[in-house]
Amino acid sequence: MYLESDRLFLRDFVSTDAPDLFALDSDPRVMRFINTPATALDQSITLIEQQIAYYKNYPGLGAWPAFTKSSGDFIGLFALKTLDKTSQIEVVYRLKPTFWGVGYATEMSRIVVNYGLQALKLPQIVGVTQPANLPSQRVLEKVGLHYVQDAFYYGTIVKLFSI
């Protein structure tokens, strides 16, 4: 898997990405609206192993580390994956705070959504955010998703968007 935008590229996760993933997932600012921050590198190693299996079980889908083209810096991840216990496919992203506010989330989410709709021929892509996560809601709207309703996923009430 390889996708690129003007400034970023995505590829499949490999085991050596564990330290970068741990740095991302252990940051409470990143995980504020997502989950409990990671507390051990082993958690990231396990997630990457699960992700590699996911690639095989769901061809074309998964989570991919994101890097800048200019420096090769790891900035976060983007994903197309099944939404919490459903068959719907959701777009997901999370970035290191250093890279917030420069348009990366919108730029690459647009590429990921277009890939899902055009290359994978998905009939629909959804996105969910915590009600207070207004920046992520704006990203979803900028890439063409529209608010549908409040819904219950991942054990909490979220805002559901769809294209």
Side-chain angles (χ1 to χ4, degrees), residues 1-14 17 20-21 23-25 27 29-35 47-48 50-52 54-84 86-151 153-154 156-163:
M1 172 61 177
Y2 181 86
L3 288 175
E4 65 180 337
S5 68
D6 289 341
R7 300 179 292 168
L8 305 173
F9 70 91
L10 306 179
R11 61 158 171 77
D12 285 349
F13 270 108
V14 294
D17 293 321
D20 284 332
L21 183 60
L24 179 71
D25 287 354
D27 189 322
R29 296 168 297 173
V30 173
M31 302 307 282
R32 176 178 171 208
F33 294 114
I34 301 170
N35 206 339
L47 282 175
I48 289 173
Q50 291 170 343
Q51 191 51 231
I52 291 168
Y54 193 92
Y55 297 146
K56 293 175 186 168
N57 293 328
Y58 300 93
L61 299 177
W64 309 287
F67 303 89
T68 62
K69 285 183 173 179
S70 61
S71 66
D73 288 339
F74 171 81
I75 67 155
L77 67 80
F78 291 82
L80 278 178
K81 65 175 202 63
T82 52
L83 174 67
D84 185 37
T86 74
S87 60
Q88 293 179 292
I89 303 300
E90 71 172 319
V91 60
V92 173
Y93 45 86
R94 58 182 179 264
L95 303 177
K96 293 167 64 175
T98 308
F99 300 102
W100 291 355
V102 295
Y104 285 157
T106 300
E107 179 178 326
M108 188 51 82
S109 291
R110 184 173 286 121
I111 299 293
V112 169
V113 166
N114 287 340
Y115 162 74
L117 295 173
Q118 295 172 6
L120 298 180
K121 306 288 188 218
L122 297 172
Q124 176 190 41
I125 295 174
V126 299
V128 297
T129 71
Q130 291 290 324
N133 192 347
L134 299 178
S136 281
Q137 291 169 32
R138 284 193 294 275
V139 168
L140 292 175
E141 290 170 340
K142 286 180 187 178
V143 303
L145 282 77
H146 301 281
Y147 173 75
V148 176
Q149 64 187 19
D150 286 0
Y153 293 105
Y154 301 110
T156 190
I157 298 294
V158 295
K159 300 259 181 216
L160 175 68
F161 292 76
S162 177
I163 186 170

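Heads up: numbering here begins at 1 and tracks the sequence.
Taking OG1 of T82 as the start and CD of E90 as the end, the distance is 7.5 Å to the nearest 0.5 Å. Taken to the nearest 0.5 Å, the CG atom of L24 stands 7.5 Å off from the CD1 atom of I34. Note: H146 NE2 to L140 CG = 11.0 Å, rounded to the nearest 0.5 Å. In this structure, the separation between OH on Y147 and OG1 on T129 is 9.5 Å, given to the nearest 0.5 Å. Put simply, CD on Q124 and CD1 on I89 are 10.0 Å apart, with the number rounded to the nearest 0.5 Å.
By the 30° and 60° cut-offs, the orientation of the rings of Y104 relative to F99 is tilted.
The side-chain heavy atoms of I125 and F161, taken from C-beta on, include no pair separated by under 4.5 Å. At least one side-chain heavy atom of W64 sits under 4.5 Å from a side-chain heavy atom of V112. Counting heavy atoms from C-beta outward, L120 and L61 have side chains that approach closer than 4.5 Å. Inter-residue side-chain proximity for T68 and L8 is flagged as met; some heavy-atom pair is nearer than 4.5 Å. Side-chain contact between P97 and D27: present, with at least one pair of heavy atoms (C-beta onward) separated by less than 4.5 Å. Looking only at side-chain heavy atoms (C-beta outward), R29 and W100 come within less than 4.5 Å of each other. The shortest side-chain heavy-atom distance between V143 and T106 falls under the 4.5 Å cut-off. The side-chain heavy atoms of L145 and V113, taken from C-beta on, include a pair separated by under 4.5 Å.
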Review point. Between M31 and D25, is a side-chain contact (heavy atoms from CB on, under 4.5 Å) present by the stated rule, with each step listed?
Key: CA-CA 6 Å; M31 302 307 282; D25 287 354; 3.9 Å; yes

Practice item. Evaluate the side-chain contact (heavy atoms from CB on, under 4.5 Å) criterion for residues V158 and Q130: first the C-alpha distance (whole Å), next the side-chain angles of each, then the deciding distance (0.1 Å), finally the verdict. Key: CA-CA 5 Å; V158 295; Q130 291 290 324; 4.1 Å; yes

Exercise for review: Before giving the answer on side-chain contact (heavy atoms from CB on, under 4.5 Å), spell out for D20 and F13 the whole-Å C-alpha distance, their side-chain angles and the decisive distance to 0.1 Å.
Suggested key: CA-CA 11 Å; D20 284 332; F13 270 108; over 6 Å; no

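Residue pairs meeting the salt bridge (Lys or Arg N to Asp or Glu O under 4.0 Å) criterion with at least one member in residues 61-80, sequence neighbours excluded: E4-K69. Among pairs with a residue in residues 117-133, none fulfils salt bridge (Lys or Arg N to Asp or Glu O under 4.0 Å), at least two apart in sequence or across chains. Annotation: salt bridge (Lys or Arg N to Asp or Glu O under 4.0 Å) contacts involving residues 95-119, sequence neighbours excluded, comprise R7-E107.
In terms of heavy-atom proximity, V148 sits nearest to S162 at CG2-CB, 3.6 Å. The minimum heavy-atom distance linking A66 with L10 is given by the pair CB-CD2, 3.4 Å. Nearest heavy-atom pair, T86 versus Y153, reported as atom, atom and distance to 0.1 Å: CG2-CE2, 3.8 Å. Across F74 and P65, no two heavy atoms sit closer than the pair CE1-CB, 3.8 Å. Annotation for L3 and M108: closest pair O-CE, 4.3 Å, computed over non-hydrogen atoms. Closest approach of S109 and Y93 over heavy atoms only: OG-CD2, 3.2 Å.
Looking at Q137, its side chain does come within 3.5 Å of a backbone N or O of P131 through a donor-acceptor pair. Formation of a donor-acceptor pair under 3.5 Å by the Y58 side chain with backbone atoms of K81 is not found in this model. Distance alone, capped at 3.5 Å, places no donor-acceptor pair between the S136 side chain and the N133 backbone. When atom types are taken as modelled, the side chain of D84 and the backbone of Y154 share a donor-acceptor pair closer than 3.5 angstrom. Here the side chain of Q88 pairs no donor or acceptor atom with the backbone of L83 at under 3.5 angstrom.
Of the residues L95, V91, I111, the one that meets the side-chain contact (heavy atoms from CB on, under 4.5 Å) test with F78 is L95.
For the pair D17 and R11, the salt-bridge criterion is met [side-chain N within less than 4.0 Å of a carboxylate O].
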